[in-house]
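Worksheet: the structure to be examined is printed underneath.
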Amino acid sequence: MILTNKEIADIFENIADILEIQGESHFKFLSYRRVSEIILELPRDLQAYVDDGTLLDIPGVGKAIGAKITELVETGQLGYYEERKSEVPLGVLNIKRINGVGPKKAKLFWDELNITSIEALKAAAEQGKLAALAGMGKKSQQKVLDGIESLARRSERTPIGKALPAAQAILDMLLEIPEAQEGAIAGSIRRGRATIGDVDILISSDNAQPIMDAVVNMEGVARILGYGETKSSVELHNGLQVDVRVLARKNWGAALQYFTGSQAHNIKIREIARQKGYSLNEEALRPIDADGNLKPESDYIFCETEQEVYETIGLQWIAPEMREDSGEIEVAQKNELPNLIIISDIQGDLHMHTTYSDGKLSIREMAEAARERGMKYIVITDHSQASVQAGGLKPEEILAQQAEVRQVNDAMGDDLQVLHGVEVDIKADGSLDYDDDILKQLDFVVASLHISLRQEKEKITQRLLNAIQNPYIHCIGHPTARLISKRDPVLVDMDAVMDAAKQHNTALEINCNPERLDLDSQYVRLAIQKGVLLSINTDAHNLRMMDYRSYGIMTARRGWTEAKHVINTWSYAKFIEWVNHRG
DNA sequence: TTCGGATGCGAAACATCTGCACACAGATG
């Protein structure tokens with residue numbers, strides 16, 4: 001049985017929880033937790049690292065954890081884990097996942113009341129048994145009950161496509177309050193993560209009270225988690241947690257830096273600040289003397305901008321999307337940060353649908369919408385016949401469509417070039433849904449997986465390789481076919497796919513649809529490292545989806561993408577030159 | 001536990017707020 005990276009990461013997460021509950025050394029359980037997080041961001045499956053002997057090159061993987069990964073990859077299980085599991089029941093770990101219950105409380109309930117499941121904990125709380133425990137009380141007992149209820153309501157993480165608009169609406173509402181001066185969305189939304197744990201909002205003001213009141217009284221609040229002088233947290237009925245923090249204008253830079261995270265990034269930044277003689281908190285850089293004591297407040301460096309924070313401790317300003325402690329700090333120290341792509345670099349959109357298949361707008365309407373959004377060129381790429389559910393086009397239909405595309409292109413004049421393409425299905429047997437003599441009549445062809453997505457890894461990989469090697473295929477659309485929190489990515493040897501894409505000069509797509517964001521950022525970074533070309537496309541089926549470009553840009557930036565890596569940042573002339581002479 | 005620099009061992013651990021208990025656990029980036 002082959003374990004996925006996610007399954008192995010879950011095992012290490014559980015081991016970390018067990019060790020924490022058992023009161024093991026801080027460093028020990030943190031090592032497991034750190035490795036668990038790192039594994040989730042790896043671009044290859046762990047089997048590949050074991051096979052080519054690079055396992056110990058993964059940061060945080062040493063002798064002990066390396067041996068455990070090897071055992072898991074080779075046998076599908078881990079003796080150490082089985083042993084530890086018998087010492088702390090898994091139900092106790094679930095209890096620790098209740099909001100407001102940590103390792104100490106979980107152990108307390110287990111030791112004193114022999115509680116090893118959430119159901120048992122709920123029953124004990126309802127019978128008033130928890131309140132009698134040392135360190136507990138009636139309020140703590142109620143908090144446990146609230147936490148259990150909340151656990152049922154909260155899904156794991158929220159797709160950024162839902163979280164960002166919700167956050168923006170709350171921010172807009174708070175900025176209506178007269179006392180609110182300035183505001184920003186921080187946290188993982190600002191870092192552009194595909195999924196969001198909670199919403200972090202920052203407001204500058206000299207009077208926090210009205211803002212705190214507005215937060216806990218706003219529409220949609222299911223539960224108040226915290227209601228403090230400068231910080232409040234609420235949980236919404238849709239399960240989303242919202243944290244709002246108010247601070248003075250002079251603290252803005254330090255606060256925004258702090259509240260943007262990631263936690264791992266911040267810890268390292270604060271360590272560097274320490275080395276430079278500062279203690280960094282969310283208010284200021286505070287100089288410390290030789291004994292490590294804070295100097296008086298008159299010496300504090302209040303930073304109105306994040307730039308000041310980074311520059312004062314000798315770093316280039318690091319873009320939020322890069323702040324994951326995945327090497328960006330070391331690169332910033334050397335002044336070698338990449339010049340990340342920005343949304344206005346995009347000149348063309350190479351993947352979009354019309355009423356010919358499952359789109360909602362005509363070719364003309366799509367073209368006009370693209371022109372309004374500053375595009376210089378687009379490719380109309382409706383579905384091919386195998387995508388029956390999407391009204392895919394038969395060969396004669398796609399050829400007939402060409403006349404209308406040419407017509408619209410003429411109508412658009414020099415402002416916008418409208419090209420004719422297709423999103424051709426890669427069929428289950430690896431063949432393409434159109435013959436080459438059809439494909440070669442099209443200007444630009446995207447090939448995508450839509451069916452038979454649960455095939456074994458070798459088959460999927462071979463299907464993608466077939467498409468990449470075809471001289472009439474210019475781009476692979478949404479290469480892993482994932483749907484965030486709905487469908488896992490296909491199993492694929494991404495190394496082989498990217499090496500082939502490099503060799504055959506085929507671009508890989510970053511699909512901007514926030515349900516897809518595919519390639520995901522860790523694969524984007526691998527592609528950049530391998531010199532594979534990318535394209536960033538909306539895959540728009542309607543007007544609203546044309547504005548999803550920013551999600552794709554954030555994903556690209558998370559993968560350290562520069563404009564030069566992306567074929568649709570190029571001028572139309574350069575793009576066409578590449579299309580026709582990829583060789 | 002990893003890491004570095006050593007071939008056994010020390011260091012790693014930023015900084016704050018909130019709530020509920022009466023000092024600390026839990027949560028946040």
Side-chain angles (χ1 to χ4, degrees), chain A residues 12 15-16 19-20 24-36 38 56-69 80 96-108 130-131 133-144 146-147 185-191 193 196-202 208 212 224-233 235 241-247 251 254-276 278-286 288 292 294 306 313 320 323-325:
Chain A
F12 284 126
I15 290 175
L19 295 177
E20 188 178 14
E24 278 277 6
S25 140
H26 200 82
F27 299 107
K28 199 164 170 176
F29 70 77
L30 276 186
S31 301
Y32 284 102
R33 193 158 294 152
R34 176 158 173 257
V35 157
S36 169
I38 287 171
L56 297 187
D57 295 342
I58 301 172
V61 177
K63 226 170 82 180
I65 291 181
K68 291 185 177 72
I69 292 174
Y80 176 83
K96 185 180 157 296
R97 293 191 173 116
I98 298 167
N99 209 325
V101 180
K104 300 260 166 57
K105 294 268 176 70
K107 187 168 190 316
L108 178 74
L130 300 189
L133 297 172
M136 292 287 294
K138 279 220 161 123
K139 287 208 168 181
S140 296
Q141 180 170 272
Q142 187 56 44
K143 225 179 137 185
V144 168
D146 291 344
I185 299 168
S188 52
I189 298 181
R190 184 162 182 246
R191 301 202 309 279
R193 281 197 61 168
I196 302 305
D198 54 26
V199 170
D200 301 297
I201 292 176
L202 209 54
M212 296 290 92
I224 297 168
L225 303 168
Y227 184 15
E229 286 178 22
T230 60
K231 191 170 138 183
S232 290
S233 299
E235 187 183 308
Q241 183 177 326
V242 181
D243 301 334
V244 179
R245 176 75 184 247
V246 177
L247 54 123
N251 306 125
L256 186 58
Q257 196 286 326
Y258 154 70
F259 228 40
T260 297
S262 67
Q263 185 175 23
H265 176 90
N266 282 359
I267 287 172
K268 202 165 249 180
I269 289 293
R270 288 178 181 204
E271 282 169 7
I272 290 173
R274 276 265 161 194
Q275 292 161 17
K276 296 270 177 184
Y278 298 100
S279 170
L280 173 63
N281 69 2
E282 58 263 51
E283 295 183 342
L285 278 159
R286 302 168 304 173
I288 42 182
L294 285 175
E306 278 188 330
I313 61 172
R323 298 182 196 169
E324 298 291 348
D325 187 25

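Protein chains get the first letters and strands the later ones, always in sequence-line order, with residue 1 at the start of each.
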(message) In whole Å, I'd like the distance from the NZ atom of A:K231 to the P atom of B:dG26.
(response) 16 Å
(request) From the options B:dC20, B:dT16, B:dA25, select the nucleotide whose nearest atom is closest to the side chain of A:R286. (result) B:dT16
(request) Mark yes or no for whether A:T260, through its side chain, and A:L256, through its backbone, hold a donor-acceptor pair below 3.5 Å. (result) yes
(message) Under 4.0 Å, counting only non-hydrogen atoms across every strand here, what does A:K63 touch: a base, just sugar-phosphate, or nothing?
(response) sugar-phosphate
(message) Heavy atoms only, 4.0 Å cut-off, all strands: where does A:Y258 land among base, sugar-phosphate and nothing?
(response) base
(request) For A:F259 and A:D243, work out which heavy atoms get closest and say how close. (result) CE2-O, 4.4 Å
(request) Rounded off to whole Å, could you give me the CG-to-P distance for the A:L108 and B:dC20 pair? (result) 17 Å
(message) Strictly below 4.0 Å: does A:R34 bring a side-chain N or O up to OP1 or OP2 of B:dC3?
(response) no
(request) Return one dot-bracket line describing DNA chain B 5' to 3' (Watson-Crick or G-U wobble pairs, both distances under 3.5 Å; ( ) same strand, [ ] crossing, | another strand, . none). (result) ((((....)))).((((((....))))))
(message) Output the rounded distance in Å from CD1 (A:I288) to C1' (B:dC14).
(response) 11 Å
(request) Using the C1' atom as the reference point in each nucleotide, state the distance between B:dA23 and B:dT18 in Å, no decimals. (result) 14 Å
(request) For A:A134 and for A:F29, find the nucleotide of DNA chain B with the closest heavy atom, then tell me which residue's nucleotide is more 5'. (result) A:F29
(request) Taking the side chain as every heavy atom from C-beta outward, state whether A:V199 and A:I189 have any atom pair closer than 4.5 Å. (result) yes
(message) Strictly below 4.0 Å: does A:T230 bring a side-chain N or O up to OP1 or OP2 of B:dC17?
(response) no
(message) Minimum heavy-atom separation for A:L108 and A:A134, please, with both atom names.
(response) CD2-O, 3.7 Å
(message) Just verifying a value: how many Å separate A:I267 CD1 and A:D325 CG, rounded to the nearest 0.5 Å?
(response) 8.5 Å
(message) If you count heavy atoms of other groups shown closer than 6.0 angstrom to CD of A:E229, is the number above 12?
(response) no
(request) Measure from the side chain of A:D200, starting at C-beta and using heavy atoms only, and say which of B:dA15, B:dT28, B:dT1 lies closest. (result) B:dT28
(message) Please classify the nucleic acid contact of A:Q257 as base, sugar-phosphate, or nothing, using heavy-atom distances under 4.0 Å.
(response) nothing
(message) Using a 4.0 Å heavy-atom cut-off, does A:R33 contact any base of the nucleic acid, only the sugar-phosphate backbone, or nothing at all?
(response) nothing
(message) Just N and O in the side chain of A:Q141: are any of them under 4.0 Å from OP1 or OP2 of B:dC20?
(response) no
(request) Describe the nucleic acid contact of A:I98 in one word from base, sugar-phosphate, nothing, applying a heavy-atom distance below 4.0 Å. (result) sugar-phosphate
(message) Give me the distance, rounded to whole Å, that separates B:dA11 from B:dC17 when you measure between the P atoms they each carry.
(response) 30 Å
(message) Measuring to OP1 and OP2 of B:dC14, would you say a side-chain N or O of A:S279 lies under 4.0 angstrom away?
(response) no
(message) Rounding to an integer number of Å, can you tell me how far A:K28 NZ sits from B:dT2 P?
(response) 10 Å
(request) Would you classify A:S188 as touching base, sugar-phosphate or nothing, given that sugar-phosphate means primed atoms plus P, OP1 and OP2, and contacts are heavy atoms under 4.0 Å? (result) nothing
(message) Taking only the P atom of each, what is the distance from B:dG8 to B:dA12 in whole angstrom?
(response) 23 Å
(message) So does A:D198 get a backbone contact from the side chain of A:Q241, meaning a donor-acceptor N/O pair under 3.5 Å?
(response) no
(message) What contact category does A:I65 fall into here, base, sugar-phosphate, or nothing, at under 4.0 angstrom with non-hydrogen atoms?
(response) sugar-phosphate
(message) I need the CG-C1' distance between A:L280 and B:dC14, as an integer number of Å.
(response) 8 Å
(request) State whether the side chain of A:E20 and the backbone N or O of A:F29 hold a donor-acceptor pair below 3.5 Å, judged by distance alone. (result) no
(message) What is the distance, to the nearest angstrom, from the CD atom on A:E235 to the P atom on B:dA27?
(response) 13 Å
(message) Classify A:Y227 by what it touches in the nucleic acid, base, sugar-phosphate, or nothing, heavy-atom distance under 4.0 Å.
(response) sugar-phosphate
(message) Please give the distance between the C1' atoms of B:dC9 and B:dC14 as a whole number of Å.
(response) 25 Å
(message) What contact category does A:N266 fall into here, base, sugar-phosphate, or nothing, at under 4.0 angstrom with non-hydrogen atoms?
(response) base
(message) For a quick test of reading the model: is some side-chain N or O of A:N99 closer than 4.0 Å to OP1 or OP2 of B:dG26?
(response) no
Pairs under 3.5 angstrom, nitrogen or oxygen only, protein versus nucleotides 11-13 of chain B, please.
{"residue": "B:dA13", "atom": "OP1", "partner": "A:E271", "partner atom": "OE2", "Å": "3.0"}
{"residue": "B:dA13", "atom": "OP2", "partner": "A:E271", "partner atom": "OE2", "Å": "2.3"}

(request) Decide yes or no on salt bridge (charged side-chain N to carboxylate O under 4.0 Å, His left out) for A:R323 and A:E306, but give the supporting numbers first. (result) CA-CA 13 Å; A:R323 298 182 196 169; A:E306 278 188 330; 2.8 Å; yes
(request) First locate atom CG of A:L280, then atom CZ of A:R286, and finally report the distance between them rounded to the nearest 0.5 Å. (result) 8.0 Å
(request) Let me know the distance between NZ of A:K105 and C1' of B:dA23, rounded to the nearest Å. (result) 12 Å
(message) On a heavy-atom basis, which atom in A:M212 and which in A:Y227 lie closest, and how many Å separate them?
(response) O-CE1, 3.8 Å
(request) Write down the distance separating the P atoms in B:dT1 and B:dA6, rounded off to the nearest Å. (result) 23 Å
(request) Select base, sugar-phosphate, or nothing to describe what A:V35 touches, counting heavy atoms under 4.0 Å on all strands. (result) nothing
(request) Could you check whether A:R191 gets within reach of a base, just the sugar-phosphate, or nothing at all, counting any heavy atom under 4.0 Å? (result) sugar-phosphate
(message) Nearest 0.5 angstrom please: A:H26 NE2 to A:S31 OG, how far?
(response) 10.0 Å
(message) Please tell me if A:R274 has a side-chain N or O lying less than 4.0 Å from either OP1 or OP2 of B:dA15.
(response) yes
(message) Could you tell me how far B:dA15 sits from B:dA21 if I compare only their C1' atoms? Round to whole Å.
(response) 23 Å
(message) Any heavy-atom pair between the side chains of A:I98 and A:K105 that's under 4.5 Å?
(response) no
(request) Rounded to the nearest angstrom, tell me the gap between atom CZ in A:F12 and atom C1' in B:dT1. (result) 11 Å
(request) Please measure how far the P atom in B:dC20 lies from the corresponding atom in B:dG26, and state the result in whole Å. (result) 14 Å
